[in-house]
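Just so you know, ligand 1 is whichever comes first in the structure, and atom 1 is the first atom listed for that ligand.
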Amino acid sequence: MYLSPFLSLIIPVYNEEGNVHLLTEAITTSLQGYRYEIIFIDDGSTDNTKKEIILLNNPDIVLIELKRNYGQSSALAAGIAQAKGSYIITLDGDLQNDPSDIKMMLNIAIHEQWDLVTGIRQKRKDTFIRTLPSKIANYIIRKSTNLHITDAGCALKVMTAETAKSIPLYGELHRFIALNAHMDGARITEVPVKHHARKYGASKYGLGRTFKVINDLLLIIFQKKYLQKPLYLFGNIGMILFCSGLFINVYLLLIKLLGSDIGNRPLLLLGTLLILVGIQFFTIGIVTDLLMRTYYESQEKTPYKIRKTITFEKTKEPSLHVS
Ligand code: UDP
Ligand code: MG
C-alpha cells in the first residue's frame with residue numbers, strides 16, 4: 001500500500017477567531033486518509049483566536065502562541081521550525097485559500113518531484129490596492145531572475161521540509177519564499193488554485209506594503225546575485241566612473257598643453273569628482289568583500305546548497321592496488 005508522507009500544515013493566525021473553526025473543518029474533510037498535523041501559530045491575536053483553537057480540542061492540532069504580534073513571516077518561521085512532516089504546506093488562516101487544493105498540489109509535488117509547488121490564485125478576490133503591488137513584484141521577479149512566476153504572493157504552497165527549513169523568513173520575506181527557494185536551486189512549479197473573498201475578520205495589510213515589497217525584492221535580488229562577490233558590483237561601477245574621470249582629465253590636460261585655459265571649465269570638476277567617486281566605489285567593494293568573507297567563514301555558512309550526495313557500495317575488492 002502507498003503510504004502518504006506525513007504533512008505539516010503551517011497556518012499563521014492573527015485575529016482570525018471567525019475562521020479557525022471553519023478552516024479546521026475544511027482541512028479535516030479534504031485530507032481524509034492522510035497523516036498530518038495542523039500547526040496554528042497565534043501571532044499575538046487580541047481576539048478569541050486562541051480560545052477558539054483550544055475549544056476545537058483536536059489531537060492533530062499543535063498551537064504555538066507567540067508572545068506578541070511579530071508578523072506573518074516570523075509566525076511562519078516559528079511553525080516551520082517545529083514542523084515534523086516531510087512535506088510542509090503553508091496557507092492563510094482566513095479561508096481565502098482552499099484546503100481542497102492541497103491533495104492535488106501534493107500529488108504534483110511527489111510524482112513530478114518538485115521541491116516547491118505554489119498556487120496561482122484564479123479570479124483573485126482582493127481589491128485593486130491589494131493586487132497592484134503584487135503585479136509590480138511579479139513583474140520585477142520575472143524580468144530580473146529567470147523564475148517565471150505569476151503569483152509570488154499566493155500563501156498556499158506545498159514544499160519539501162528541506163526546502164521550507166532552509167528559507168530565510170523574517171521581516172516580510174514570506175512574500176518571496178518561491179524567489180528565495182529558486183535562487184537556492186529549488187525546482188519550482190505553479191498550479192492554478194481557488195481563491196475566495198474574506199468572510200470574517202479584516203485584512204492586516206494596507207497600501208504601505210507596496211514600498212516594502214519593492215524594497216525587499218531589490219534587496220533579495222542584490223543579495224543573491226552579489227552576496228558572495230560584492231566587489232564585482234562595486235568594483236565595476238568604480239572602474240567605469242574612474243575611467244570616465246580619467247578620460248575627461250586627460251582631455252583637459254591635452255588642451256591645456258595646447259594653450260587653452262581650463263581653470264574655469266566645469267568639466268574639470270566633473271572629471272575630478274568621477275575619479276574620486278570611482279576610487280570610493282572600489283574601496284567599498286573591497287570592504288564589503290572582506291565583510292562577506294567574515295560572514296561565510298565565521299558562521300561556517302556554505303556558499304552552496306547540496307541537493308543530495310550519492311555514494312556507491314563497494315561490491316568487491318579492487319583487483320589492482322595502486323599505492
Ligand atoms: N497574519 C499574521 N500576522 C500578521 C498579519 C497577518 O499571522 O501580523 C496572518 C493572517 O491571520 C492570515 C495571513 O497572515 O492568516 C494573511 O493575512 P491577511 O489575510 O491579512 O493578508 P492578505 O490576504 O490581505 O494578503
Ligand atoms: Mg487574506
Asks: If the test is salt bridge (Lys or Arg N to Asp or Glu O under 4.0 Å), which one of Asp92, Asp101, Asp151 qualifies with Arg121?
Replies: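 For Arg121, the salt bridge (Lys or Arg N to Asp or Glu O under 4.0 Å) check succeeds only for Asp151.
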
Asks: Within a strict 4.5 Å, meaning less than it, do heavy atoms of the Leu7 and Arg35 side chains meet?
Replies: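 No, side chains not in contact.
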
Asks: Are Leu246 and Asn249 close enough that some pair of their side-chain heavy atoms sits under 4.5 Å apart?
Replies: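 In short, these two side chains do not touch, never coming nearer than 4.5 Å.
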
Asks: How far apart are the C-alpha atoms of Thr24 and Ile38, what are their side-chain angles, what is the distance that settles it, and do they pass the side chain to side chain contact (heavy atoms under 4.5 Å, CB included) test?
Replies: CA-CA 8 Å; Thr24 309; Ile38 306 174; 4.1 Å; yes

Asks: Quick check for students: name every N or O atom pair between ligand 1 and the protein closer than 3.5 Å, with distances.
Replies:
residue, atom, partner, partner atom, Å
ligand 1, 3 (N), Asp43, OD2, 2.6
ligand 1, 8 (O), Asp43, OD2, 3.4
ligand 1, 8 (O), Asn69, ND2, 3.1
ligand 1, 11 (O), Tyr14, N, 2.8
ligand 1, 11 (O), Glu16, OE2, 2.6
ligand 1, 14 (O), Gln72, OE1, 3.4
ligand 1, 15 (O), Pro12, O, 2.8
ligand 1, 15 (O), Gly93, N, 2.7
ligand 1, 19 (O), Asp94, OD2, 2.6
ligand 1, 19 (O), Arg198, NH2, 2.9
ligand 1, 20 (O), Lys204, N, 2.6
ligand 1, 23 (O), Gln96, OE1, 2.9
ligand 1, 24 (O), Arg130, NE, 3.2
ligand 1, 24 (O), Ser203, OG, 2.5
ligand 1, 25 (O), Arg130, NE, 3.4
ligand 1, 25 (O), Arg130, NH2, 2.7
ligand 1, 25 (O), Arg209, NH2, 3.4

Asks: Within 45° of the six-membered ring axis of Tyr205 and under 6.0 Å from that ring's centre, is NZ or CZ of Arg175 located there?
Replies: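 Pair Arg175/Tyr205 counts as cation-pi.
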
Asks: Measuring to the Mg ion (ligand 2), does Gln96 have an N/O/S atom at a distance below 2.8 Å?
Replies: yes

Asks: What is the name of the N/O/S atom in Asp94 that sits closest to the Mg ion (ligand 2)?
Replies: OD2

Asks: Under the 6.0 Å and 45° cation-pi test, does Arg68 pair with Tyr70?
Replies: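 Yes; both conditions hold, so Arg68 lies above the ring face of Tyr70.
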
Asks: For Ile11 and Ile41, run side chain to side chain contact (heavy atoms under 4.5 Å, CB included): C-alpha distance rounded to whole Å, both residues' side-chain angles, the deciding distance at 0.1 Å, then the answer.
Replies: CA-CA 6 Å; Ile11 311 173; Ile41 305 96; 5.8 Å; no

